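Please read all numbers here as calculations on a predicted model, not as lab measurements. Residues: numbered from 1 along the sequence shown. Note: hydrogens, waters and symmetry copies are ignored here, and every other heavy atom, side chains too, is used.
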Amino acid sequence: MSSTSEGSLANRPQALLAGCLRCPNAWSISAIGVAVLLALPILTVLSFLLQPAGEVWQHLASTVLKGYISNSLWLMLGVSIGTLSIGISTAWLCSMCEFPGRRLFEWALLLPMAIPAYIIAYTYTGMLDYAGPVQTWLRSLFGWGFGEYWFPEVRSLPGAIVMLSLVLYPYVYLLSRAAFLEQSVCVLEVSRTLGASAWQSFRRIALPMARPAIITGLSLALMETLADYGTVKYFGVNTFTTGIFRTWFGLGDSAAAAQLSAVLLMFVFTLILLERWSRRRARFHHTTRYSSLPRYELKRSARWLALAACAIPLILGFVLPAGQLLVWSIETAEKMIDSSFLTLTLHSLMLAASAAVIALLLALLMAYSKRIRGTQASRFAINLAGMGYAIPGTVIAVGVMLPFAAVDNSLNDFMQTRFGVSTGLILSGTLAALLFAYTVRFLAVSLQTVEAALGKINTSMDDAARSLGNRPREVLTRIHMPIMRGSLLTALLLVFVDVMKELPATLILRPFNYNTLAVRAFELASDERLAESASAALMIVLAGIIPVILLSRSISQSRPGHEHQA
């Protein structure tokens with residue numbers, strides 16, 4: 001044998017080994033497969049952009065599409081103003097200023113996140129409409145009669161903007177406060193030595209440095225605005241979500257509903273691109289100085305203004321609606337809290353717990369596959385899977401129903417042709433479809449939490465465990481998961497609460513005669529039985545309070561050296 005052939009044979013094992021190392025392993029293949037499956041609803045909706053327009057779509061485009069776009073843009077503009085003004089101002093005050101009640105407001109300002117927008121919408125409607133306690137009190141106090149006074153109309157586009165702003169400002173507050181807490185104390189001290197006032201330091205230094213975080217929080221709030229169905233439906237504001245429901249169930253045209261969903265997706269993708277563009281030129285600088293942040297001592301009048309600025313959104317966004325729900329629940333407890341209410345609660349808890357566990361397991365699979373073999377394909381798959389949280393539940397429901405129904409129909413036709421047996425609905429119209437939609441919608445919540453927790457574990461621990469003969473699965477279950485126990489619990493709770501609040505996907509995909517607390521609260525409110533809906537709504541609110549407090553604690557401890565804070 002020639003030396004050339006001997007050399008090629010000698011190099012062949014090394015070449016094969018190198019090739020095997022470059023191939024995706026089982027973890028990467030599994031992660032890619034999961035991502036493709038979870039992307040199916042989005043790909044299904046987008047595919048309708050390539051189909052020719054039908055008569056229903058042409059009718060929608062010539063009559064109501066302009067109104068959907070206009071109302072959605074006005075909602076986004078109004079919510080942007082409301083969430084930015086409330087979220088940034090309260091975040092700065094709680095992070096950098098000293099005033100009465102600051103420690104309470106640090107975590108309490110997140111409580112409106114526990115109340116879904118549709119619940120606060122009909123709660124305020126019950127308090128502020130003509131027969132509500134506010135107008136009734138005004139009429140008795142001043143002796144007014146019908147038509148003798150003006151009162152703002154709650155069920156309107158401005159009313160929807162106010163309701164959404166009151167429950168969505170915590171997104172901006174949460175990320176803005178985290179950004180303010182993480183800013184370098186050196187920069188703030190330099191601004192003081194140069195004679196900058198509190199307002200000048202905020203406007204010229206802190207605000208520009210926190211801009212990427214602020215834009216991210218605003219993007220999340222606007223995505224939730226586009227995804228909202230209950231508020232705009234109850235207030236009679238026509239948007240894409242109400243149009244999708246009306247086209248699907250009223251006109252019976254799934255293709256036109258999917259095309260409307262695709263247009264709504266364009267809005268969402270635009271927000272995502274804008275958010276990522278805002279971070280394109282962001283630079284982060286860290287310091288080893290973690291002494292106490294230089295809080296500004298406010299003067300007497302400014303202290304009370306700061307107290308009012310933080311108290312008003314908390315009172316309007318949580319205290320008043322939660323208090324009204326509690327009053328209504330007590331008044332209707334004997335009538336509404338019965339065996340059927342317990343069944344609704346069981347349904348909601350079972351769905352939320354199942355979806356949370358599924359999302360957590362898939363998040364562990366995808367995040368760990370990225371850690372042990374971060375190929376381009378696996379990273380792309382993980383980013384693709386993380387897009388679900390930005391997609392409205394209405395769009396995901398349409399994208400789930402269409403392929404699932406197609407599979408059911410094909411299987412039923414095959415079984416009837418070959419065996420004369422009807423299989424009925426195996427996927428669509430079942431809990432499987434609903435859980436799949438929840439997983440697509442909320443996987444990103446678990447994924448981000450798990451990735452952040454894995455990032456804090458030194459990779460040398462993996463190397464040590466592998467050198468002792470542990471396989472990747474054993475490293476994850478025996479080492480990583482016990483270390484990440486707190487983060488895993490947080491991920492479970494966050495998805496649990498999100499599923500408890502989810503309305504549009506549940507309305508579309510739930511099995512026949514299968515209700516949840518969210519659906520029951522919305523149905524009763526739509527029938528103007530506001531007081532009777534309070535028990536279901538209050539249960540949803542109570543379920544969301546614990547994760548909100550956990551979020552606040554994690555933000556408070558996000559700055560190293562937080563124990564030195566005043």
Side-chain angles (χ1 to χ4, degrees), residues 30 32-57 60 229 241 243-262 264-265 343 346-348 350-352 354-355 357-359 361-362 385 388 391-443 499 502-516 518-519 523:
S30 300
I32 293 171
V34 169
V36 171
L37 182 63
L38 296 178
L40 179 62
I42 310 303
L43 298 176
T44 300
V45 170
L46 290 177
S47 68
F48 280 84
L49 288 175
L50 305 177
Q51 297 188 10
E55 294 183 0
V56 173
W57 171 253
L60 294 174
Y229 172 73
T241 52
I244 292 168
F245 265 85
R246 189 176 298 115
T247 304
W248 184 290
F249 294 104
L251 301 178
D253 193 323
S254 58
Q259 287 171 325
L260 269 180
S261 301
L264 178 55
L265 273 183
T343 301
L346 181 62
H347 286 173
S348 299
M350 182 192 70
L351 283 174
S354 301
V357 171
I358 293 171
L361 293 176
L362 294 181
I391 310 303
T394 314
V395 176
I396 290 177
V398 172
V400 169
M401 180 63 76
L402 291 175
F404 277 32
V407 171
D408 279 342
N409 291 332
S410 298
L411 180 61
N412 185 67
D413 292 342
F414 173 80
M415 294 298 292
Q416 281 190 333
T417 302
R418 290 296 184 92
F419 305 104
V421 177
S422 176
T423 57
L425 299 179
I426 298 177
L427 296 176
S428 57
T430 65
L431 291 180
L434 191 55
L435 288 172
F436 181 73
Y438 288 153
T439 305
V440 174
R441 179 83 167 89
F442 301 118
L443 174 67
V499 173
E502 173 60 33
L503 177 64
T506 311
L507 281 172
I508 294 177
L509 296 172
R510 63 196 169 107
F512 178 73
N513 204 27
Y514 190 95
N515 274 357
T516 64
V519 172
E523 289 177 341

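Considering all non-hydrogen atoms of both residues, T247 and A257 come closest at CG2-N, 3.6 Å. Taking every heavy atom of both residues into account, A355 and V499 meet most closely at CB-CG2, 3.8 Å. Between V45 and V395, the closest heavy-atom pair is CG2-O, 3.8 Å. When all heavy atoms of S261 and I244 are compared, the closest pair comes out as OG-CD1, 3.3 Å. Closest approach of S348 and T516 over heavy atoms only: OG-CB, 3.4 Å. Minimum heavy-atom separation, A505 to L434: O-CD1, 3.8 Å.
Residues Y438 and T506 meet the side-chain proximity criterion, which asks for heavy atoms closer than 4.5 Å. Using a 4.5 Å cut-off on side-chain heavy atoms (C-beta onward), L431 and P511 make contact. By the 4.5 Å heavy-atom criterion applied to side chains, P403 and L40 are counted as neighbours. Looking at heavy atoms from C-beta onward, T394 lies out of side-chain contact with W248 at the 4.5 angstrom threshold. Residues L37 and F436 have side chains in contact (heavy-atom distance under 4.5 Å, counting atoms from C-beta outward). Here the side chains of N515 and R510 are in contact, with some heavy-atom distance below 4.5 Å. For the pair L509/F404, no side-chain contact is recorded, criterion being any heavy-atom separation below 4.5 Å from C-beta on. Within the 4.5 Å cutoff, the side chain of I508 has heavy atoms near those of the F245 side chain.
One distance of note links CG of D408 with OG1 of T430; it measures 7.5 Å at 0.5 Å rounding. Put simply, CG on L443 and CG on L38 are 6.0 Å apart, with the number rounded to the nearest 0.5 Å. To the nearest 0.5 Å, atom CD1 of residue I426 and atom CG of residue N412 are 8.0 Å apart. E502 CD to I396 CD1: the interatomic distance, rounded to the nearest 0.5 Å, is 8.0 Å. From L507, atom CG reaches atom CD of E523 across 7.0 Å, with rounding to the nearest 0.5 Å. Separating the CG atom in L427 from the CE atom in M401 is a distance of 10.5 Å, to the nearest 0.5 Å.
At distances below 3.5 Å, at least one donor-acceptor pair connects side-chain atoms of S47 with backbone N or O atoms of T44.
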